[in-house]
There are 2 protein chains.
Amino acid sequence: MDFDSFLTSLGTSFIIFVVLMCLFAWLSSKPGNTVVYYPNRILKGLDPWEGGSRTRNPFTWIKEAMSSSEQDVINMSGLDTAVYFVFMSTVLGIFALSGIILLPALLPVAATDDSIQAAGKNTTSIGTFNDLDKLSMGNITAKSSRLWAFLVATYWVSFVTYFLLWRGYKHVSELRADALMSPEVRPQQFAVLVRDLPDLPKGQSRKEQVDSYFKAIYPDTFYRSMVVTNNKEANKIYEELEGYKKKLARAEAVYAESKSAGKPEGTRPTIKTGFLGLLGKRVDAIEYYNEKIKEIIPKLEAEQKITLKEKQLGAALVFFTSRVAAASAAQSLHAQLVDTWTVSDAPESRELIWNNLNIKFFQRQIRQYVVYVIVALTIMFYMIPIGLISALTTLDNLKKILPFLKPVINITALKTVLEAYLPQIALIVFLALLPKLLLFLSKIEGIPAVSHAVRAASGKYFYFTVLNVFIGVTVGGTLFKTFKSIEKDPNSIVDVLANSLPGNATFFLTYVALQFFVGYGLELSRIVPLIIYHLKRKYLCKTEAELKEAWFPGDLGYGTRVPSDMLIVTIVFCYSCIAPLIIPFGVVYFALGWLILRNQALKVYVPAYESYGRMWPHMFLRLVAALLLYQITMLGYFGSKKFIYVGFLIPLPILSLIFVYICQKRFYKSFSDTALEVASRELKETPSMEHIFRSYIPLSLNSEKVDDDQFEDALSQASRSGSFVV
Amino acid sequence: MDFDSFLTSLGTSFIIFVVLMCLFAWLSSKPGNTVVYYPNRILKGLDPWEGGSRTRNPFTWIKEAMSSSEQDVINMSGLDTAVYFVFMSTVLGIFALSGIILLPALLPVAATDDSIQAAGKNTTSIGTFNDLDKLSMGNITAKSSRLWAFLVATYWVSFVTYFLLWRGYKHVSELRADALMSPEVRPQQFAVLVRDLPDLPKGQSRKEQVDSYFKAIYPDTFYRSMVVTNNKEANKIYEELEGYKKKLARAEAVYAESKSAGKPEGTRPTIKTGFLGLLGKRVDAIEYYNEKIKEIIPKLEAEQKITLKEKQLGAALVFFTSRVAAASAAQSLHAQLVDTWTVSDAPESRELIWNNLNIKFFQRQIRQYVVYVIVALTIMFYMIPIGLISALTTLDNLKKILPFLKPVINITALKTVLEAYLPQIALIVFLALLPKLLLFLSKIEGIPAVSHAVRAASGKYFYFTVLNVFIGVTVGGTLFKTFKSIEKDPNSIVDVLANSLPGNATFFLTYVALQFFVGYGLELSRIVPLIIYHLKRKYLCKTEAELKEAWFPGDLGYGTRVPSDMLIVTIVFCYSCIAPLIIPFGVVYFALGWLILRNQALKVYVPAYESYGRMWPHMFLRLVAALLLYQITMLGYFGSKKFIYVGFLIPLPILSLIFVYICQKRFYKSFSDTALEVASRELKETPSMEHIFRSYIPLSLNSEKVDDDQFEDALSQASRSGSFVV
């Protein structure tokens, strides 16, 4: 890629960005679009526009995002979102501090060393050097003492990273402690999840088994238990019921609409009862649905009774009357045999994966390893298509392979655009396929909470992106030439990586720019959700509930955001010294990301769950992994420059490992467990145990009659629970 | 070593053993020796001889040892000793079951294959083959299908080991649970050790800091705390006081003795007050010591006050009113910063290493790694002397290096004995030097309990013995010939090991025999302690206390026993298929060991502490490590026999790793922590918290006045503690 196509790419991206910004400013001020641009505020019962005025500066959102405090984010979008911003600002800080030193120091050093270019002038290879490459470490003569500047820069980037990561970890740890010691009553802080119940002793029910076990250990703080049941059948009936209720509401809305339109008596909607509503007898829809609902309700109630009585599984939720008791129980070994009565933190009820709760201890272990193997294979096998794509999608290659494209490609304007975008678009489309699969794989590991599964999927995605995209593209570009040398000696992979880095610098510059201009532009303008919402509103939605479903924004989805951010981090780290010009691109990516996502977090997205910042240690570890990759790459690259003082870089990876060790030792355990000093803070009010207990009853089992069936004996305890203080 | 010297060695060992047994039968029946042969029974207030009769069969002890139950061992010598017997009987079972199949199956297969010997007849190398080697796998022709028998045998040994280890782990886990749920009140089950207290807030004492912290978290179950103090000065004064008290008692005893001897007024003993009692003024000893004691007592009391008030350190013992609370607290994270308020199980007061308690979290980590490096260096450096010894102590080598010994060595009888014993004695003497050093190193890691330090030292000792003695001797013997091949390719170390194994089989046969005949003979007969006791009694001891000190037996010392047992296990495992003749030796070692140590545990040794079987996971892991070494060695050995189906052995090491993983997952955590279901059992009586608390006060601080000083405020709580039930 030459300098022209790089500028074209940058310019096009910027134009798209400006267009999207204007669209946003225009569209977001229309009242009909508020549900798309301010759903989080609307759902929280707030006025879409702060202060209530509609005629306002189109850039007010920037001011609002900038002036919002961390507490605002926590209030509007939860701690997990706030932690994501800590991640973004930490990375932003690392890049900004690195750039301040590296850009003024390294660019002149690189630009004024033109020995290679001078040498190149005498040969025909001048074409491979463009203006961007002049500013990179590739322009430095081998063994030159100018390399010292780059060596010091490598240290600077590392130490800046250590410092800011340490600060970030400490800050998030405090945020988590604050959230966990909040005086609000949160049901999950009073519950633990018990899995791997041993076989039932004769003549005992699951309920009795669990109750007697925990009553013996916690005579004072045990409240009651909820045995997990196999709800598959009940859920099916419940969903059927809900479906009919929705259809009934829709039919009634259609009927009401038809009334107002001229005919006061209206047209009663009809449907066919057969296959997909296409065949069968035509009947009155409202009557038909009413009948169906009447039919299903007793069926559901019967199924609920059967489920509660006969479909009890080997897992339970146990409720305690104090947060300390629950936090301490979740960390303690209960049974002498470790694979029975395993107790862990209860997730929030909305993020429980009920189907996974009954999976036994060793089966979970096996599933985990099987999934790891599958993921590893996936990463390996995707290597092949990605390698092919990056090898094919240079235009020269295309021309060779598909000669009939030649006339099209030779049009200069088109050629420049294509050359600028083709590989990147291929990459982005390709990456969009994967997250769902990884989340699915993580869920079948037997993980009990969605947030945990998202973290697991996010980790897998990170390894995928770094291994495939970064190393794949980088090495893939030069792989064909150097394949033989790797075959001979696998250790030379570091050399190959190091040698192929500078050549790919412009590719990644374009990639980063595309990500922030187009990616964040689309993010802010919400063009796609807006179009979908308006289409649905016009042609599909009849009732209020359907309308709300159409604009409901979902959550921030950091499970997929973090890995793609991490890819940018890895790219910028690895090129920070080799081609310092990439640093400003990294800064813009995270600055723009911070600003736009701040707006989205405050106004658009609604968090689906709250894990109290447990994502942070994952982000932290991956940041250090990226740093390590960078340090090892630099070792290889300095080696390939035949710099004899390259040994001075060896302490860096060791330092990184020590840094991780100390951080994890000091902070990590308080992320996996709840510290008791935190859980022992006083509550605002005496918690209503009945309410806490009820919040965990699945919707499909929630009926007034539940208590009498399953919880009869436990209920007698509830009267005691009024008198304690946490 | 040829067959003659092997038989000589075996015969001599056996004669020594018979002599020692006779000595034991004769000496143990003398009434004056009961304190040497039955101290444990005497200290427990039991009659030395069961049934009380002195004229009894000299082999009764065998019957008594055989008929004693596990419960007897636990009652007389604690759970740790019982676990050691589980270890011995497990290994015994493994070897017995292996031998039953391997001996009748493999010996004929090996003996009837004389192709190598036949080949040897034609050359001059016949001298290197002796009758023992004919019975080993070395006698099998390369690529012979007879190797299938040995391959199946390798599997048999492994599966027997898995089966018995699983049973052993399960059994010890149950023993531990039984002991921990015992209705006896044991102070350490009510206490936790808190280390890494954060800096004192202004205006608070340590005591207040600890009390307020734990009262907030455990309002119902917190009893009181004991801040750890720097007792160095107090200990010094206390020891001085105790020294004078002892000397006073001794002087009084001398005086009383002199009275009875003719002169009714007696001779008052005198001493010189100067350097070592050799210089200075001569004074009346009794008066002098009385005066000194009077002088020191107030000094001690003053120092106690100062210590309690001003020498408080950053660690504390915290006492709870219930076992569940203490067990749960020891497993829970208390502070948001993991390196502050670290809580762990409290060890018994008698095994607390007070000086280590104040060492901070990260300092402990650093100390640990520093110690690991030192130990690794030790293992490496001892490699050199051991290698030299095993190379030098073949007589042929001695003759070459020290030619003036030639006439001595050439005396046939002497030559045979020397050849049989020299290397083994060198080895045994050499090994006696190390355990103290390793224990010292383990203690400076910052470990808070003696039993834990012993486990750590034992682990280091295991690696030392296996790496140095086994691999050192084995490879050392053939190293000089094959040194070049290792230099070229480090992977060939397995081949070298495999090739040099058969040649060293007789060496190890002799080694094992020496260990059990002489080692266990000396153990049972207690010749050395007996002589020391009688010498002390005759010439040194004057008072009852001194006499008791002279015969006090100490504990079983499994910290050093287990590693040397493990060396035997490793040797027998590795040779079990190569030279199956070693299996009976292993069986005799562990059978004899079991029998003799059973007697010693029941009658002699007094346990110094109780760790509730926490040694077992260490033993287990090392047993599996030995098994792995065996499996890998067999892989190499089959490879060197050019057996093409050697690949069938590859699943074995993988199986071993899976086996360890499952066992550790299922059982280990209940060894590192106390399961709550175990701790929640009811107690026989309401525990006296005052008594529990007092049992942890160090001797040097134990005075009637202590409460008023340090524990004033906490004592007011004690009145509450009478009403709870655990």
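Summarising the geometry, atom NE2 belonging to A:H334 is positioned 9.0 Å from atom OG belonging to B:S680; distances are rounded to the nearest 0.5 Å. The OG atom of A:S322 sits 9.0 Å away from atom CG of B:D220, with the distance rounded to the nearest 0.5 Å.
Among the candidates B:A330, B:A216, B:S173, the residue making the largest number of heavy-atom pairs closer than 4.5 Å to chain A is B:S173. Counting heavy-atom pairs closer than 4.5 Å to chain A, the top residue among B:F214, B:Y668, B:Y369 is B:Y369. Chain B forms more heavy-atom pairs under 4.5 Å with one residue of A:Q331, A:E677, A:K665 than with any other, namely A:E677. Note on B:Y661, B:F361, B:Y218, B:F667: by heavy-atom pairs under 4.5 Å with chain A, the leading option is B:Y661.
For the salt bridge (Lys or Arg N to Asp or Glu O under 4.0 Å) test, residues two or more places apart in sequence or in another chain that qualify with B:K669 are B:D673. Remark: A:Y612 engages no residue in a ring-ring contact (aromatic ring centres under 6.0 Å, His included) (not counting sequence neighbours).
Contacts between A:T674 and chain B at a heavy-atom distance below 4.5 Å involve the backbone alone (N, CA, C, O). With a 4.5 Å cut-off on non-hydrogen atoms, B:L180 does not touch chain A at all.
In terms of heavy-atom proximity, A:S670 sits nearest to B:L333 at CA-CD2, 3.4 Å.
Between B:R666 and the choices A:V338, A:D339, A:T340, the side-chain contact (heavy atoms from CB on, under 4.5 Å) rule is met once, by A:D339.
Side-chain contact between A:Q336 and B:E174 is absent, with no heavy-atom pair separated by less than 4.5 Å.
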